[in-house]
2 protein chains.
Amino acid sequence: MAQQLEGKRVAILATDGFEQAELLTPRDELRKAGAEVDIVSPKSGQIQGFDHLLPDKKVTVDRTLGEARASDYDALVLPGGTNNPDHLRIDEAALSFVRDFFDAGKPAGVICHAPWILINAGVAKGRTLTSFKTIRQDLKNAGATVVDQEVVVDNGLVTSRDPNDLPAFCAKLIEEIAEGRHAG
Amino acid sequence: MAQQLEGKRVAILATDGFEQAELLTPRDELRKAGAEVDIVSPKSGQIQGFDHLLPDKKVTVDRTLGEARASDYDALVLPGGTNNPDHLRIDEAALSFVRDFFDAGKPAGVICHAPWILINAGVAKGRTLTSFKTIRQDLKNAGATVVDQEVVVDNGLVTSRDPNDLPAFCAKLIEEIAEGRHAG
């Protein structure tokens, strides 16, 4: 069980303004389960985490989007925070990176405000998911079916609403990554 | 010219996380033009402004949404910031307040991320407007026509993209408020 994700590599894509629990908790849980986890970002150096409205911890970027490829990884995690996905959703390299995971049917864990990124990547339409409550109208308008549950799994796509859902989110994410690619 | 808005009352609706220049500059320019301006918020006391990602100045709330009515005002201003409209867009009292201005054909100035509020208030559809670049897909998906200009005026609705557009935004807003209600 402790090494359920042995040999699996996971990319967490984030930039300044990420909700820190939504990056740190999945990172730590995935590592405990045996996965190698990289923090991937448009920028090198450190990125600034937030505890809701206020800046708190920083994390070090392992690879920039210029250095990372989706084909290097088995799964993707997109943490929330308002400013982090607000920036990533118009970053063409970020959208291309995200699309490559979805095109390959690889598992993805997307929480809180991060489903905004799926809207701009063009991969939200037709999916069943949940999100932070404030962005649900945007997801519906993009053609997704939005439900209000602590965790939703739709063919490898694992979504949750906010940091309170992290235990359920991480458990389902580990299950989906252990299963591997989904046919789509 | 200095008293172009003599006798006009304007509500600026905001909460914690507003982009401070987008509240303070319209407030000051509208007052200079002779308007009475109230800061209206879901909460009483003070609300926290941000300079991009970091907290900066606070402003004092003049009236809560429980105390204010759209019928008391001639025009509405919605400043941006990511967290401010992210909160207001699911506050039913805020949405009802906003809708009352639009239903009455009163001028409204909406900048940056604030057009998100128009999506949830159900008043974005069919309008031509601009916004911060990150939320344009949401506005298109909600049925708005989105353009990329420093200021856009559509039948009393004045929109701009970001703090750099504030001079053009304030000038058009003052013009529209001086004209008064629009037939719709």
Side-chain angles (χ1 to χ4, degrees), chain A residues 14-20 42-43 46-56 58 80-92 94-95 98 112-126 131-144 146 148 161-162, chain B residues 14-20 42-43 46-56 58 80-92 94-95 98 112-126 131-144 146 148 161-162:
Chain A
T15 191
D16 293 323
F18 65 87
E19 186 70 34
Q20 65 187 25
K43 56 185 261 188
Q46 291 198 305
I47 54 175
Q48 178 68 59
F50 276 64
D51 179 5
H52 189 46
L53 287 184
L54 297 178
D56 197 340
K58 290 183 180 185
T82 45
N83 287 296
N84 160 53
D86 187 65
H87 283 95
L88 292 178
R89 69 186 301 202
I90 60 159
D91 181 308
E92 280 305 326
L95 297 180
V98 170
C112 200
H113 290 79
W116 269 334
I117 300 166
L118 307 186
I119 294 174
N120 289 62
V123 298
K125 192 174 179 178
S131 73
F132 194 63
K133 57 194 172 182
T134 58
I135 73 165
R136 289 182 190 159
Q137 191 63 51
D138 299 333
L139 288 161
K140 288 175 199 167
N141 289 346
V146 185
D148 182 16
R161 299 169 300 188
D162 59 47
Chain B
T15 191
D16 292 323
F18 65 87
E19 186 70 35
Q20 65 188 24
K43 57 184 262 188
Q46 290 198 306
I47 54 175
Q48 178 68 59
F50 276 65
D51 179 6
H52 190 43
L53 287 183
L54 298 177
D56 198 340
K58 290 183 180 186
T82 45
N83 286 296
N84 161 52
D86 187 65
H87 283 95
L88 292 178
R89 68 187 300 203
I90 60 159
D91 181 309
E92 281 304 326
L95 297 180
V98 170
C112 200
H113 291 78
W116 269 333
I117 301 167
L118 307 187
I119 294 175
N120 288 61
V123 298
K125 191 172 178 179
S131 73
F132 194 63
K133 56 194 172 180
T134 59
I135 73 165
R136 290 182 189 160
Q137 191 63 51
D138 299 334
L139 288 161
K140 287 176 200 166
N141 289 346
V146 185
D148 183 16
R161 300 168 301 189
D162 61 47

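First the proteins, then the strands, lettered A, B, ... as listed; each starts at 1. Not measured: the values here are computed from a predicted model. Quick note: numbers below take in every heavy atom, side chains included, and nothing from hydrogens, waters or symmetry partners.
- Among Asn83(B), Asp86(B), Thr82(B), the residue with the largest count of heavy-atom pairs under 4.5 Å with chain A is Asp86(B).
- In terms of heavy-atom pairs under 4.5 angstrom with chain A, the leader among Ile135(B), Thr134(B), Ile90(B), Ile119(B) is Thr134(B).
- When all heavy atoms of Ala124(B) and Ala144(B) are compared, the pair lying nearest together is O-CB, 3.5 Å.
- Contacts with chain B were tallied for Arg89(A), Arg136(A), Lys133(A), Gln137(A); Arg89(A) has the most, counting heavy-atom pairs under 4.5 Å.
- The aromatic rings of Trp116(A) and Trp116(B) lie parallel to each other, their planes meeting at an angle below 30°, with 60° marking the opposite boundary.
- Heavy-atom distances place no part of Leu139(A) under 4.5 Å from chain B, backbone and side chain included.
- Partner Asp16(A) forms a side chain to side chain donor-acceptor pair (under 3.5 Å) with one of Lys58(A), Lys43(A), Gln46(A) and no other, that one being Lys43(A).
- Without hydrogens or angle criteria, Glu19(B) side chain to His52(B) main chain gives a donor-acceptor distance under 3.5 Å.
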